[in-house]
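Everything on this sheet refers to the single structure shown next.
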Amino acid sequence: MRRARVVAAIGHAVPWAIAVVYFFAVPSDLDFGTQVMIWILFAMSLDLALGYAGILTLGQAAFFGLGAYTAGLFAIHLSPDPLLGHLAAIGVTMLVGALTGAMILHTTGVTLLMLTLAIVSVLSQYANQATDLTGGDNGLQGIRLDPIFGVFEFNIFGKTAYFYALVVLFGWFVLARRIVHSPFGRSLDGIRQNPHRMRAIGTPVWWRLLAIYTISAAMAGSAGALSAHATRFVGLSVLDLLTSGTVTVALILGGTRRLYGGFIGATIYLVVQDYSAKISPFFWEFVVGGLLIATVLLLEGGLLDFGPAVLRLRDRWQAGQRR
Amino acid sequence: MTSSLEVDDLVSGWGRTVVLNGVSLTATPGSTLAILGRNGAGKTTLFATLMGLTTLHGGTILMGGRAIDALPTHRRARLGLGYVSQEREIFSSLTVMENLAVAALPGGWPPERVFALFPLLAERRRTTGNRLSGGEQQMLAIARALVGGPKILLLDEPLEGLAPIVVENLFEALLAIRDNAGVTMILAEQKVDFALAFAEDALVLERGCIVFRGRTAELRADEALQHRLLAIGEL
């Protein structure tokens with residue numbers, strides 16, 4: 001029992017240790033590490049809505065993009081303070097998450113999926129047309145940021161952005177863990193499995209879904225704000241349907257309902273993309289596609305299930321040997 | 001805590017299909033009522049209608065004098081309508097404790113009290129729902145209703161499909177709830193002997209209509225009536 005707890009504690013420390021080691025080991029490519037953490041946060045936000053609560057959505061890019069544009073526009077027009085801009089992005093995405101959630105969460109299945117697609121398409125078209133505000137196809141440029149706490153400056157080496165992303169990711173992770181292990185989080189598990197039964201034991205299902213959808217939106221918006229701050233640029237692609245698709249692939253690749261699924265999935269996705277694109281620009285999609293097919297066919301719980309799956313195979317093989 | 005239930009001229013079903021046709025019943029606070037009838041008579045539809053899970057075409061439902069027929073399901077549950085469905089519907093990925101935690105409402109039974117009633121569940125408190133036996137799942141389904149603090153408990157064939165020894169255990173527990181908790185209990189059951197031994201009043205449904213309403217003693221004493229209403233021995 002105690003040993004299991006020590007192993008678990010080490011397991012929890014591993015991703016954060018890797019993040020710190022990466023900072024010192026690969027100082028030349030901190031931007032890549034920052035991108036990975038942003039996508040981990042983005043995937044984690046989807047895990048709350050899709051993985052835990054079973055809200056079928058392909059509209060997560062709406063909140064990522066909205067967060068990015070809010071943070072960018074805030075820096076340009078209101079204040080260059082990155083933390084204020086980040087909070088503004090979280091506030092706006094929470095508000096939009098709550099409003100759109102209230103409109104669509106009484107539906108389920110394909111209807112819900114289509115509505116989430118519609119929301120991201122509307123926002124994307126708006127951003128495309130409102131060139132005065134967003135820069136349209138050229139993207140939002142000229143974002144300047146004050147140093148964080150007046151001390152840590154954003155520069156081309158990306159040290160500040162890296163630690164900024166790491167701290168934000170850690171904060172959201174701690175919150176997400178508390179949420180999913182709380183009775184509220186457990187009730188989301190119940191709602192995913194059987195909403196009728198949850199109603200019959202007195203759970204206001206719609207309100208619970210709205211609450212987690214809003215939190216998930218805020219988390220995705222926070223990831224978008226990190227992206228805008230780290231690159232000092234927001235392109236139309238943040239609101240692309242493909243962005244929703246990519247984060248879904250990353251989450252499913254890593255495994256849903258573990259919170260850590262996004263850690264593995266987003267990392268593998270970006271690393272594979274980076275390396276295979278160096279070999280051939282057309283090759284990486286083939287590799288990611290193949291990996292996804294293999295994962296969903298062979299590993300029920302995503303890549304996080306790889307270890308346990310190997311152990312199961314070994315046990316079966318040993319049982320065969322004994323016979 | 002307990003409450004009365006008055007149902008008047010209920011017409012309900014699934015979509016446009018009408019299953020219940022003018023069902024009326026009254027349960028006084030703390031009373032016990034058995035709902036009998038063959039498969040397809042409308043017992044489950046009656047419970048589902050009380051919970052607001054069907055299409056209501058007409059009629060009223062009063063709980064403690066208050067109309068609840070327009071309330072959403074979760075509000076009825078919060079007012080004290082506890083429902084143990086036939087399928088049990090345990091959350092398979094949640095442990096026994098978590099299944100109870102998500103259903104706990106203010107004023108409901110504390111976990112220790114349901115564990116005193118079902119000691120077997122106490123031993124399995126960290127086991128997930130998908131690893132419980134049928135009997136354990138049924139106990140958990142009842143326990144999950146109790147932590148919500150029901151004033152009226154609807155039990156849909158809780159003894160169905162269980163081994164005889166488990167049936168006896170469960171029946172003991174149901175008797176303990178009946179005698180000590182002061183909850184109004186409405187039991188739908190195919191096992192007529194158990195149902196008649198359990199409840200003071202009985203109601204027999206046939207094709208969505210009530211064909212008998214009276215004291216269980218009446219039914220127990222009149223075997224010919226039992227035969228006629230419930231077709232016992234016709235197989």
Side-chain angles (χ1 to χ4, degrees), chain A residues 1-2 4-5 8 47-55 102 105-108 176-212 255-261 300-302 304-305 308 312, chain B residues 44 47-54 71-108 111 126 128-130 137 140-156:
Chain A
M1 203 63 195
R2 214 172 130 205
R5 215 171 272 177
D47 202 8
L48 288 183
L50 178 71
Y52 284 92
I55 299 171
L105 286 174
H106 60 278
T107 67
T108 54
R177 235 183 106 71
R178 290 205 67 158
I179 289 173
V180 300
H181 289 293
S182 71
F184 165 68
R186 305 284 67 206
S187 79
L188 295 176
D189 235 28
I191 288 170
R192 190 189 71 251
Q193 291 170 50
N194 191 339
H196 295 305
R197 172 58 17 197
M198 286 307 289
R199 287 192 188 97
I201 59 174
T203 307
V205 167
W206 185 82
W207 284 105
R208 298 278 165 96
L209 289 177
L210 186 62
I212 197 65
T256 53
R257 256 175 288 134
R258 319 282 250 293
L259 291 184
Y260 283 121
E300 209 183 322
L304 273 179
D305 205 25
R312 279 199 298 274
Chain B
T44 297
F47 282 174
T49 303
L50 295 178
M51 291 310 298
L53 297 167
T54 61
L71 295 180
T73 302
H74 73 269
R75 293 279 307 281
R76 302 185 196 202
R78 285 182 172 247
L79 281 175
L81 203 51
Y83 175 38
V84 179
S85 75
Q86 202 174 352
E87 293 81 18
R88 299 168 197 152
E89 302 182 295
I90 295 305
F91 301 117
S92 56
S93 73
L94 305 189
T95 64
V96 167
M97 270 316 265
E98 288 171 340
N99 264 284
L100 296 178
V102 297
L105 292 174
R126 288 183 197 287
T128 49
N130 55 354
Q137 286 189 13
L140 181 54
I142 296 170
R144 193 175 55 183
L146 292 173
V147 295
K151 296 172 184 162
I152 300 170
L153 190 56
L154 310 174
L155 298 150
D156 196 355

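What you see is a predicted model, and the numbers here were worked out from it, not measured in a lab.
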Is the shortest heavy-atom distance from the side chain of A:R197 to the side chain of B:F91 under 4.5 Å? yes
Do A:M198 and B:V102 come within less than 4.5 Å of each other through their side chains, counting heavy atoms only? yes
Which atoms of A:R192 come close to chain B, meaning under 4.5 Å heavy atom to heavy atom: side chain ones, backbone ones, both, or neither? side chain
Separation of A:I201 CD1 from B:S85 OG (nearest 0.5 Å): 11.0 Å
Hey, what do you get for CD1 (B:I90) to CD (A:Q193), rounding to the nearest 0.5 Å? 10.5 Å
Looking at A:H181, I'd like to know if its NE2 atom is crowded, meaning that more than 12 non-hydrogen atoms belonging to other residues, nucleotides or ligands lie closer than 6.0 Å. yes
Chain B contacts, top residue of A:P183, A:P204, A:G190 (heavy-atom pairs, under 4.5 Å): A:P204
Among B:E87, B:M51, B:E98, which has the most heavy-atom pairs under 4.5 Å with chain A? B:E98
Can you see which heavy atom on B:L94 is nearest to which on A:R186, and at what distance? CD2-NH1, 3.4 Å
Which region of B:A103, side chain (C-beta onward) or backbone (N, CA, C, O), has a non-hydrogen atom less than 4.5 Å from a non-hydrogen atom of chain A, or is it both or neither? both
